[in-house]
Every structure is written in C-alpha cells, then in structure tokens.
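In what follows, a single structure is set out as structure tokens and then discussed.
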Amino acid sequence: MKELPVDKGTRVTLHFALKFDSGEVIDGNFDKAAATLEIGDESLPENFEAYLMGMKAGDKASYEVPPENGFGQRNPNNLQTFKRHEFSADMVLEAGVMISFADARQHELPGVISRVEGDEVEVDFNHPLSGRTLIFDVEIVDVEPAGQTH
C-alpha cells in the first residue's frame, strides 16, 4: 500500500515549506505535525498540487516555483487609487497597512496600501507573493485513497 502515488482521489500527509529564494521561510510545518489534505480539496493551490503528483510516501523534493506556477505575476491593473475621504476618519492610512475590502459579491478582498499622497491612497490588490519565485520543499509522509477511514 505504501507504493500508492499522489494523484487525484488520494489523501496525502506531508511536511512542506514555502520559502523565498533567499531561504526565508514564508510558511511550513517541518517543525510541527504533518498536514493531511485531499488532492483537489483546495487546501493547496492546484499549481502546487501539480508538483506532488506521482510522489510516494518517503519521497522528498525541493521545487523552484516561478510566479506563473505560484501566485501569478504582478498585475498593474490591481493597483487602485482611492480618495482619503472614502476611508473612515480613524483608519491608519500609511504604506504597508493591510485593509480588507468586500468585492461586488461580498467576498473579502485584502489589499495593502502602497502609497499615500495628499488626498490619494493607492491600494495594491496583487497577492503579496505575486511576482516572486518561491521554493517549495516537500516530504511525503503517507499517501492513501481518499475517503478511507482509519
């Protein structure tokens, strides 16, 4: 049973780390309990799941993930300018502050203030990891058919 490769319809237990190419760790669980997820359950973005396909229990790998396979390239259309009066008066408006907006469908849309100049507040809605090459380290602990109970 230990030979089952990662594929759609499998439950995978793994350790992972997501790092900048400088080696700085963004997220990961090598120092914690392994995570378990089902392929296709959207715990991991589909592009990251693709790197796991075919791996088996005991396999370790390190992948360089270019922006187009990670969180996309930065999109200049995702920079939007608002007027200062559109924000509540007590809100801290300075570069680096993250604000949460609701989009047209009332889904949460996080943005980071990139510039405040006079009456204008520029907000960047690009994913904070967009445009970055990332390193995805992974160690597969176990692979089993999804839906199987212990």
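Everything numeric here is computed off the predicted structure, so don't read it as measured data.
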TODO: Please indicate whether Glu86 has more than 12 foreign heavy atoms, meaning atoms of other residues, nucleotides or ligands, lying under 6.0 Å from its CD.
DONE: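 Yes, because the 6.0 Å sphere around CD of Glu86 holds more than 12 heavy atoms from other groups.
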Taking every non-hydrogen atom, the tightest pair across [X] and [Y]:
{"X": "Lys56", "Y": "Glu3", "result": "CE-O, 3.2 Å"}
{"X": "Glu49", "Y": "Gly40", "result": "OE2-N, 2.8 Å"}
{"X": "Val116", "Y": "Ala95", "result": "CG2-N, 4.4 Å"}

Rounded to the nearest 0.5 Å, what separates atom [atom1] in [X] from atom [atom2] in [Y]?
{"X": "His127", "Y": "Arg132", "atom1": "NE2", "atom2": "CZ", "answer": "12.0 Å"}
{"X": "Ile140", "Y": "Thr13", "atom1": "CD1", "atom2": "OG1", "answer": "9.0 Å"}
{"X": "His15", "Y": "Lys60", "atom1": "NE2", "atom2": "NZ", "answer": "9.5 Å"}
{"X": "Arg74", "Y": "Asn126", "atom1": "CZ", "atom2": "CG", "answer": "4.0 Å"}

Given the rule that I, L, V, M, F, W and Y join up when any side-chain heavy atoms are under 4.5 Å apart, are [X] and [Y] in one cluster?
{"X": "Val92", "Y": "Ile99", "answer": "yes"}
{"X": "Ile26", "Y": "Phe30", "answer": "no"}
{"X": "Val143", "Y": "Phe48", "answer": "yes"}
{"X": "Phe101", "Y": "Val121", "answer": "yes"}
{"X": "Phe82", "Y": "Leu93", "answer": "yes"}

Task: pair Met53-Asp7: side-chain heavy atoms closer than 4.5 Å - done: yes
Open item on the list: Counting C-beta onward and ignoring hydrogens, is there a side-chain heavy-atom pair between Met55 and Val138 closer than 4.5 Å?
Closed with: yes
Open item on the list: Please determine whether side chain to side chain contact (heavy atoms under 4.5 Å, CB included) holds for the pair Phe20 and Ile135, giving the CA-CA distance in whole Å, both sets of side-chain angles, and the decisive distance to 0.1 Å.
Closed with: CA-CA 6 Å; Phe20 288 126; Ile135 307 299; over 6 Å; no
TODO: Under the side chain to side chain contact (heavy atoms under 4.5 Å, CB included) rule, what do Leu44 and Leu37 come out as? Steps first, then yes or no, please.
DONE: CA-CA 8 Å; Leu44 270 181; Leu37 59 103; 4.2 Å; yes
List, one per line, each side-chain donor-acceptor pair under 3.5 Å for residues 105-114, sequence neighbours excluded.
from	atom 1	to	atom 2	distance (Å)
Glu108	OE2	Ser100	OG	2.7
Ser114	OG	Glu122	O	3.3
Ser114	OG	Glu122	OE1	2.9

Answer yes or no: is there a donor N or O on one side and an acceptor on the other, between the side chain of [X] and the main chain of [Y], under 3.5 Å?
{"X": "Gln80", "Y": "Phe125", "value": "no"}
{"X": "Asp27", "Y": "Leu18", "value": "no"}
{"X": "Asn29", "Y": "Phe16", "value": "yes"}

Determine all donor-acceptor pairs shorter than 3.5 Å in which one atom belongs to a side chain in residues 62-73; sequence neighbours excluded.
from	atom 1	to	atom 2	distance (Å)
Ser62	OG	Asp137	OD1	2.5
Tyr63	OH	Tyr51	O	3.1
Glu68	OE1	Gln73	NE2	3.3
Asn69	ND2	Tyr51	OH	3.1

Open item on the list: Before you tell me yes or no, could you show the steps for Leu52 and Phe136 under side chain to side chain contact (heavy atoms under 4.5 Å, CB included), namely the whole-Å CA-CA distance, both residues' side-chain angles and the distance that decides it to 0.1 Å?
Closed with: CA-CA 10 Å; Leu52 304 178; Phe136 182 43; 4.1 Å; yes
Task: From CA spacing to verdict: side chain to side chain contact (heavy atoms under 4.5 Å, CB included), Val12, Glu144 - done: CA-CA 7 Å; Val12 183; Glu144 54 194 7; over 6 Å; no
